[in-house]
**Q** 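Below is one structure. I have some questions about it.
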There are 2 protein chains.
Amino acid sequence: MKKKKHTSYHHGNLKESLIHTALDMVDKEGLEAITLRELANRLGTSRSAIYRHFEGKEALMKQVILAGFDRLDAAIEPYFNNKESPLLERFHAMGISYVTFATENPNLYRLLFGPVMSKEREEVCETERPDLHKILHGDSSAEVIETAPDDSFHKLVTIIIEAQDQEIFKKEDPILIATAIWSLLHGLSMLIIDGHLSISDNVQAVYEVNYKILLEGLVRSHS
Amino acid sequence: MKKKKHTSYHHGNLKESLIHTALDMVDKEGLEAITLRELANRLGTSRSAIYRHFEGKEALMKQVILAGFDRLDAAIEPYFNNKESPLLERFHAMGISYVTFATENPNLYRLLFGPVMSKEREEVCETERPDLHKILHGDSSAEVIETAPDDSFHKLVTIIIEAQDQEIFKKEDPILIATAIWSLLHGLSMLIIDGHLSISDNVQAVYEVNYKILLEGLVRSHS
DNA sequence: TCTCTATGTTAACATTGTCAACATGATTTG
DNA sequence: CAAATCATGTTGACAATGTTAACATAGAGA
C-alpha cells in the first residue's frame with residue numbers, strides 16, 4: 001500500500017510511521033501492547049530513535065490520540081454531510097455510527113478518552129475551546145456553519161442549530177444540547193465496550209431506546 | 001479512626017490495609033501513584049508481602065475497584081432510600097450526586113471504569129448478570145424490589161419501575177431506560193472529569209439541561 | 001516439644017522508559 | 001570541492017517496577 005520513498009533519508013519518514021503503527025497496534029492489540037522497543041522493532045529501527053521525533057512516550061501517544069480522533073471523525077463525517085437525507089435521519093445515523101465505531105474499535109476508543117491525556121486536560125480545562133463561544137453567541141446559523149472547524153463536536157452543534165432553525169428541536173442552548181447528546185453516546189459506548197451492560201449483545205436495540213428517549217426530550221412538539 | 005488490633009499476627013490485617021490505602025492513594029494521587037513498593041513502604045511492610053494475599057498487582061487492583069464501587073454506591077444510596085421526598089426529586093438528586101461524586105473524586109471514578117478490568121470484562125461479558133433477566137421478566141414490581149440486590153443499577157431499575165407504576169414514566173423496558181440514564185450520567189461524568197467539555201466550570205448547569213432533556217423523554221404526558 | 005502452615009523478608013531478574021555518548025547521512029558554508 | 005554543522009540513528013547503561021525464588025519466623029495443633 002504505502003511504499004514510502006525510501007530514498008530520502010535515514011529511515012524515510014519515521015515520525016509518521018511511528019504514529020500510524022502505534023495507532024494500529026493500539027487498535028488491534030490494546031494499549032498495553034505498545035512498548036517503545038516493540039515499536040522500534042516493527043519499524044526496523046532502534047528504540048532510542050523515537051526521541052529524535054518525540055519528547056518521550058507520552059508525547060508520541062498524544063499524537064497517536066490525535067490521529068485516532070481523525071479516524072473517529074472520518075467515521076461519522078459521512079452522516080453529517082449527507083445533505084440529501086432528512087435531518088433527523090442523519091442525526092439518527094450519526095449516533096449509530098458513533099457507537100458502532102466505539103464497539104468495533106474498543107481499544108482505539110478507550111485510548112481516545114483514556115488516561116493518557118486526562119491529567120493534562122484537567123489543567124488546560126479552563127482555557128480550552130474559547131472558539132465555541134463564538135458559535136454560541138453567533139446569531140445566524142448559516143454563518144456559523146461556514147466558520148465552524150471540522151471538529152465533530154462543532155458539526156454536531158451546527159446540526160442542532162439547523163434543527164432548531166427548522167423548528168424541529170426546542171430552542172435550548174445548542175452547546176448544552178450537544179453536550180447531552182455526546183454524553184449519552186459516549187457513556188453508552190464506554191459502558192458497552194467495558195462490559196458494564198448486560199445487554200451488550202444487542203447494541204442496536206439499546207441504541208434505539210436511548211435514541212428514542214433522547215429525541216422525545218429534544219423535539220419541539222408531539223403529534 | 002481504625003485502630004486495628006495489632007496484637008493478632010505478623011502485621012495485623014494486611015489484606016484490608018492494602019486495599020484501603022491503595023484506594024486512598026488512587027483517590028488522592030492518581031492511579032499512576034500506586035506502586036507495590038510505595039504501598040509496602042507506607043504500610044511498613046515489604047514489597048513481596050503483597051503476594052501472600054493477592055496473586056499480583058492486578059488482582060489487588062480488582063479488589064480496590066470493588067471497594068471503590070462500594071464508596072460510589074454509598075454516595076448515591078441516601079437518595080434512593082429517602083422515601084419521604086417525591087420520586088422525581090429523588091431521581092433528580094440521585095443524578096446530581098452521581099455526577100458530583102465523579103467530579104469530586106475524578107481519580108477514583110476513572111479507576112472504577114478504567115482499563116484495569118476492561119479486558120477481562122470483555123471476555124466475561126456474555127455470561128454476566130443473568131440475574132437481571134429475572135427483574136426484566138418479573139411481572140410484579142413489588143416483588144422485584146424485594147429480590148433486587150443492593151447494587152446501584154438495580155436500585156435505579158426499581159425506581160424506574162416505581163415511577164412506571166405511578167404512571168409517571170412511560171412503560172418502556174425499565175432496564176433499557178436505566179441503561180440510558182446510566183449512560184448519560186456516566187458519559188457526562190467522564191467528559192467533565194477528563195476536560196472534554198468547555199463548560200465544565202458550571203457542572204450544575206450542564207446537569208440541569210441534561211436532566212431536563214432526559215426527563216422530557218421519560219415522562220408519560222406533557223402538560 | 002515438634003511440626004506444619006501462614007505470613008513476611010531479602011536478593012535477584014526481566015521489562016520498560018529514558019538518557020548520554022557516539023556514529024553517520026545530509027545540508028550548508030567557506 | 002572540503003569542511004563544518006545539523007539532523008537522524010545506534011549502542012550501552014541506568015532507574016523504576018512487577019515478579020519470583022529461597023529463606024526466615026510466628027502461631028497453631030499434634
Side-chain angles (χ1 to χ4, degrees), chain A residues 4-26 28-65 107 111 114-120, chain B residues 4-26 28-65 107 111 114-120:
Chain A
K4 320 280 170 68
K5 37 182 177 179
H6 219 290
T7 65
S8 61
Y9 229 135
H10 276 149
H11 177 96
N13 45 0
L14 218 173
K15 184 164 185 173
E16 284 199 2
S17 299
L18 280 169
I19 295 177
H20 283 103
T21 50
L23 188 59
D24 286 340
M25 280 180 69
V26 173
K28 289 167 192 155
E29 303 160 51
L31 180 57
E32 320 78 39
I34 291 204
T35 144
L36 297 188
R37 280 163 166 87
E38 181 59 25
L39 250 181
N41 285 346
R42 299 205 187 181
L43 288 169
T45 178
S46 94
R47 36 204 184 297
S48 268
I50 299 176
Y51 291 85
R52 301 294 153 176
H53 301 276
F54 304 94
E55 285 217 352
K57 188 184 185 182
E58 205 173 305
L60 165 63
M61 292 314 292
K62 284 177 193 167
Q63 299 296 114
V64 175
I65 288 176
N107 291 322
L111 171 73
V116 178
M117 305 283 279
S118 50
K119 272 178 307 182
E120 191 161 324
Chain B
K4 320 281 170 66
K5 37 181 177 180
H6 218 291
T7 65
S8 62
Y9 230 136
H10 276 149
H11 177 95
N13 45 1
L14 218 174
K15 185 165 183 172
E16 285 199 0
S17 298
L18 280 168
I19 294 178
H20 283 103
T21 51
L23 188 59
D24 286 340
M25 281 181 69
V26 173
K28 289 166 191 156
E29 303 160 50
L31 179 57
E32 320 79 41
I34 290 203
T35 145
L36 296 189
R37 280 163 167 88
E38 181 59 25
L39 250 180
N41 286 345
R42 300 205 186 181
L43 288 169
T45 177
S46 94
R47 354 173 180 44
S48 267
I50 299 176
Y51 291 84
R52 300 293 154 178
H53 300 275
F54 304 95
E55 285 217 352
K57 188 183 186 182
E58 205 173 304
L60 165 62
M61 293 313 293
K62 284 176 194 168
Q63 299 295 114
V64 175
I65 289 176
N107 292 322
L111 171 74
V116 178
M117 305 283 279
S118 50
K119 271 179 307 182
E120 191 161 322

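Within every chain, numbering begins at 1; the chains are lettered A, B, ... in the order of the sequence lines, protein sequences first and strands thereafter. Owing to the predicted nature of the structure, the values given are computational and were not obtained by experimental measurement.
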**Q** Take atom CE of B:Met25 and atom P of D:dT17, then tell me their distance rounded to the nearest Å.
**A**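 Roughly 10 Å, once rounded to whole Å.
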**Q** Any side-chain heavy atom of B:Ile19 sitting closer than 4.5 Å to one from B:Leu60?
**A**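 A side-chain contact exists here, since the closest heavy-atom pair is under 4.5 Å.
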**Q** Kindly compute the distance separating CG (B:Asn13) from NE2 (B:His20), expressed to the nearest 0.5 Å.
**A**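 One gets 10.0 Å once the value is rounded to the nearest 0.5 Å.
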**Q** Report the distance from atom CG of B:Leu31 to atom C1' of D:dT17, rounded to the nearest whole Å.
**A**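 Taking atom C1' of D:dT17 as the reference, CG of B:Leu31 is at 14 Å.
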**Q** Rounded off to whole Å, could you give me the NZ-to-C1' distance for the B:Lys15 and C:dA6 pair?
**A**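 After rounding, the gap between these two atoms is 13 Å.
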**Q** Any side-chain heavy-atom pair from A:Val116 and A:Met61 closer than 4.5 angstrom?
**A**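 Yes, at least one pair of side-chain atoms sits under 4.5 Å.
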**Q** Using 0.5 Å steps for rounding, measure from the CG atom of A:Asn107 to the CG atom of A:Leu23.
**A**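 So the gap between those two atoms works out to 11.0 Å.
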**Q** Write out a two-atom table: protein N or O, nucleotide N or O from nucleotides 14-18 of chain C, distance below 3.5 Å.
**A**
{"unit_1": "C:dG17", "atom_1": "OP1", "unit_2": "A:Lys57", "atom_2": "NZ", "d": "2.6"}
{"unit_1": "C:dG17", "atom_1": "OP2", "unit_2": "A:Thr35", "atom_2": "OG1", "d": "3.1"}
{"unit_1": "C:dG17", "atom_1": "OP2", "unit_2": "A:Leu36", "atom_2": "N", "d": "2.8"}
{"unit_1": "C:dG17", "atom_1": "N7", "unit_2": "A:Arg37", "atom_2": "NH1", "d": "2.5"}
{"unit_1": "C:dG17", "atom_1": "O6", "unit_2": "A:Arg37", "atom_2": "NH2", "d": "3.0"}
{"unit_1": "C:dT18", "atom_1": "OP2", "unit_2": "A:Tyr51", "atom_2": "OH", "d": "2.9"}
{"unit_1": "C:dT18", "atom_1": "OP2", "unit_2": "A:Lys57", "atom_2": "N", "d": "2.9"}
{"unit_1": "C:dT18", "atom_1": "O5'", "unit_2": "A:Tyr51", "atom_2": "OH", "d": "3.1"}

**Q** Quick check on C:dT10: is either OP1 or OP2 less than 4.0 Å from any side-chain nitrogen or oxygen of B:Ser46?
**A**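 False: B:Ser46 side-chain N/O out of range (4.0 Å or more) of C:dT10 OP1/OP2.
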**Q** Figure out the CD1/P separation between A:Ile50 and D:dT11, and round it to whole Å.
**A**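 Distance, rounded to whole Å: 14 Å.
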**Q** Starting at CG of B:Leu39 and ending at P of D:dT19, how long is that distance when rounded to a whole Å?
**A**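 In whole Å, D:dT19 P and B:Leu39 CG are 13 Å from each other.
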**Q** Could you tell me the separation between the CG atom of A:Leu43 and the CD atom of A:Glu38, rounded to the nearest 0.5 Å?
**A**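 Nearest 0.5 Å value for the CG-CD distance: 10.0 Å.
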**Q** Could you give the distance from NZ (B:Lys15) to CD (B:Gln63), rounded to the nearest 0.5 Å?
**A**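 The CD atom of B:Gln63 is 6.0 Å from NZ of B:Lys15, to the nearest 0.5 Å.
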**Q** A:Arg52 has an atom CZ; how far is it from atom C1' of D:dT11, in whole Å?
**A**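 Result: 12 Å.
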**Q** Any side-chain N or O of A:His53 below 4.0 angstrom from OP1/OP2 of D:dG9?
**A**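 For D:dG9, OP1 or OP2 has a side-chain N or O of A:His53 closer than 4.0 Å.
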**Q** For the pair made of CZ in A:Phe54 and P in D:dG9, what is the distance, rounded to whole Å?
**A**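 My rounded result for the distance is 11 Å.
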